[in-house]
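Below is the structure I would like to discuss, written out as structure tokens.
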Amino acid sequence: MSISFTSFGGRRFLPVLLTASLTATVTLTPSFAQNQPATGFAVRADNPLLASWSGPYGGYPAFDKVQVSQFKPALEAAMAQNLAEVQAIANNKQAPNFENTIAAMERAGNTLDQVQTVYGIWSGNMSNPEVQAVQREMAPRMAAFSDQITQNEALFKRIEAVYNSPDKKKLTPEQQRLAYVYYNNFVRAGAKLDTKAKTRLSEINQELAGLFTKFSQNVLADENDSVLVLKTPADLGGLPQSLRDDAANTATARKITAPGVIANTRSSIEPFLTYSDQRKLREKAWRMFYNRGDNGGEHDNNALITQILQLRAERAKLLGYKTHAHLRLDNTMAKTPEAAMALMEEVWVPAVARVKEEVADMQALAKKEGAPASFKIEPWDYRYYAEKVRKARYDLDQNEVKEYLQLDKMREGMFWVAGEIYGFAFTPVTDVPVYHPDVKVWEVKDKTTGKHLGLWYFDPYARPGKRSGAWMNAYRKQERLDGEIATIVSNNSNFVKGKDGAPTLISWTDATTLFHEFGHALHGLSSNVTYPTLSGTSVVRDYVEFPSQVMENWLPTPQVLQRFAVHYQTGKPIPQALVDRIEKASTFNQGFETTEFLASALIDMKLHLAGDQKIDPDKFERETLTQLGMPSEIVMRHRTPQFSHVFSSDGYSAGYYSYLWSVVLASDAFSAFTEASGPYDKAVAKRLKEKILSVGNTVDPADAYRSFRGRDPKIDALMKERGFPMKGASKAPDKKAASKKS
């Protein structure tokens with residue numbers, strides 16, 4: 001569950017370690033800029049990637065014209081053009097002011113923005129050896145391009161002059177915020193360093209870009225190349241019919257002659273671990289999935305992680321920070337690693353205590369079913385026995401629930417909720433090209449005024465070459481700097497496609513993830529700002545997950561379940577008795593879910609607090625989890641060698657804690673609805689949209705939250721949701737740090 005950004009700041013030139021807007025840093029070498037300053041204009045005629053997006057809806061990507069061979073020349077040309085645009089701003093003889101410096105920067109780089117968007121889509125959804133070769137070559141060059149801009153002394157002096165000018169107070173609040181963001185981001189990117197330090201910083205960024213690319217490609221290789229083949233009917237033991245069908249469909253798609261195949265993705269592995277009664281196969285599936293990037297050989301990521309950590313530590317010191325964690329959190333709501341650690345540790349203790357209770361229940365059930373006295377719950381057993389306990393205690397079979405959760409119906413339910421609480425209307429369109437036949441597109445309008453707000457692309461199914469997981473992407477940001485520009489957003493998942501048009505059934509967890517990612521999309525679609533750098537989801541990392549986390553709360557509402565949770569065969573709505581059992585079991589297994597997440601978040605933070613210590617990732621992970629008292633029956637949700645959030649970019653590095661920080665906000669925010677007339681309270685929804693979703697980064701996030709809620713957030717609602725003890729729970733997570741102002 002993540003947000004995947006393909007934007008480089010307002011138009012693509014602010015580095016990833018500074019903003020929430022990036023997946024990778026991009027750069028050109030000085031020699032490239034000097035030798036080919038005009039190339040971007042020469043190839044425009046015969047490279048469709050360099051053409052402006054045209055057509056209805058404010059234009060859209062021409063996916064039907066894309067060829068992989070076009071990416072490298074298009075990136076080179078667009079970067080050269082962007083450098084020329086930026087250099088013109090830096091060389092402007094007029095005294096620097098907001099319009100000729102900050103606003104001019106916002107207008108620069110549109111061509112690169114569009115090229116990088118399409119390139120990012122192919123990298124994440126349509127990868128193949130040809131795409132990967134381009135990635136390996138271009139990542140370091142793209143990581144020098146950003147540095148050339150942020151290290152441009154003449155440009156920074158102009159930005160600094162605008163930021164420090166007495167005339168700044170005459171600007172609008174949004175313009176003042178934008179000036180602050182530019183100044184702060186450039187300083188954090190090394191704009192004030194001396195020449196020698198800048199050179200070394202750029203070298204580090206380029207080397208990191210190459211390592212990030214290699215890390216991602218290694219994980220993808222292990223996901224694509226490894227499957228679990230179910231060779232006999234007995235291997236399907238325990239699997240419900242829907243999972244048997246999925247396994248058979250995967251076998252057909254992979255051209256493997258067998259009763260079934262389990263792909264190496266979370267959406268396939270977790271259901272198998274939940275239902276398969278073949279313990280040896282569960283272990284095999286578990287090891288295949290949790291050892292991605294950790295199998296030795298050419299796709300092993302451990303050495304890469306060591307290098308990445310060393311380079312991040314060196315970069316942080318160059319920039320004047322104690323560690324990479326201190327660098328990353330300086331520009332967040334938490335402000336310090338200590339504040340983030342305090343929140344995680346507060347939740348860790350009750351979560352681990354709950355795990356012990358859950359394990360005891362599972363051990364007792366296994367013994368009752370005849371397991372030998374020596375039997376011990378292992379990580380590949382946890383989901384299997386947890387499901388048995390759930391069924392025994394709450395008479396709740398997740399597979400029974402799944403029969404009412406059709407992917408298309410859940411999508412309709414999301415649309416309905418968005419219409420009820422935010423006033424959006426979704427209409428399918430067929431006159432827009434897509435990059436794969438599975439992708440569908442909807443136009444989004446204000447259902448009251450009919451105003452066009454954007455396009456929403458949906459790419460729901462797994463396939464070779466597509467990275468695992470689920471995410472949201474912004475193809476184009478909303479802005480109105482030079483006229484109204486509507487956003488284009490997407491949601492991407494990895495469900496197993498139903499055979500011959502049969503409905504795709506998803507688990508309750510997958511439905512929750514679907515609503516979560518749609519929350520990111522609604523954040524982008526709600527944006528109502530002037531400047532693209534401040535638009536939509538371009539907010540700090542531990543705030544960006546807040547709108548998506550809060551959206552999860554509408555899935556279990558009766559209004560959604562009675563309308564859209566209908567049986568895939570009979571069409572009858574989910575029985576109220578089953579809904580009641582879902583509600584009764586809502587805090588079940590929260591020890592497991594919280595602990596597996598927190599283990600990853602704590603390892604992430606501790607890795608980056610270790611400074612320049614040379615780390616053996618496997619050893620560090622093993623020893624740190626032991627020190628934390630990690631239950632042996634659970635592993636991290638994302639083990640270090642496959643932790644793409646943290647090592648495929650700087651995106652969530654020292655920032656995976658942000659999901660917990662954001663869910664505190666989300667739980668507290670949703671309680672504003674329950675304290676009013678309920679989840680569909682119009683006044684609260686209007687306030688949430690106006691104070692949170694629509695403002696992007698035009699307002700300090702702590703101020704925005706207080707404007708919505710009337711106070712700082714409290715942790716009480718989260719602890720209650722998870723069934724954890726409430727001792728000391730009312731403390732707000734961000735009380736220790738005052739917000740930075742623009």
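Keep in mind the model is a prediction, meaning the values are calculated, not measured.
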When the ring centroid of Tyr659 is compared with that of Trp661, is the distance short of 6.0 Å?
no
Can you establish whether the number of heavy atoms outside Lys447 located under 6.0 Å from its atom NZ is more than 12?
yes
Residues passing the salt bridge (charged side-chain N to carboxylate O under 4.0 Å, His left out) test with Glu596, sequence neighbours excluded, are Arg383, Arg637
Looking only at the aromatic ring of each residue, does the gap between the centers of Phe673 and Tyr680 stay below 6.0 angstrom?
no
Tyr457 ring center within less than 6.0 Å of Tyr475 ring center:
yes
Pair Asp330, Thr332: side-chain N/O donor-acceptor within cut-off below 3.5 Å
no
Should we say atom NZ of Lys584 is surrounded by more than 12 heavy atoms from elsewhere, each under 6.0 Å from it?
no
Have Asp668 and Tyr705 got a donor and an acceptor in their side chains that come within less than 3.5 Å?
yes
For the rings on Tyr656 and His638, is their centre-to-centre separation under 6.0 Å?
yes
Residues 585-593 side chain polar contacts: donor-acceptor under 3.5 Å, at least two apart:
| unit_1 | atom_1 | unit_2 | atom_2 | d |
| --- | --- | --- | --- | --- |
| Ser586 | OG | Glu583 | O | 2.9 |

Sorted by chain and number, sequence neighbours left out, salt bridge (charged side-chain N to carboxylate O under 4.0 Å, His left out) with Asp604 holds for none
In the structure I gave you, are the side-chain heavy atoms of Leu598 and Leu660 within less than 4.5 Å of one another anywhere?
yes
Suppose we screen for side-chain hydrogen bond (donor to acceptor under 3.5 Å, both in side chains). Which residues come up paired with Glu412, at least two apart in sequence or across chains?
none
Is there a side-chain hydrogen bond (donor to acceptor under 3.5 Å, both in side chains) between Ser548 and His520 once you walk through the steps?
CA-CA 5 Å; Ser548 55; His520 283 307; 3.2 Å; yes
Please find out if less than 6.0 Å separates the ring center of His645 from that of Tyr652.
yes
Taking the six-membered ring for Trp, is the centroid-to-centroid distance between Phe426 and Phe518 below 6.0 Å?
yes
Is any side-chain N of the basic residue among Asp510 and Arg266 closer than 4.0 Å to the acidic one's carboxylate O?
no
Only counting residues at least two apart or in another chain, list the ones meeting side-chain hydrogen bond (donor to acceptor under 3.5 Å, both in side chains) with Arg411.
none
side-chain hydrogen bond (donor to acceptor under 3.5 Å, both in side chains) against Ser493, all qualifying residues, sequence neighbours excluded:
none
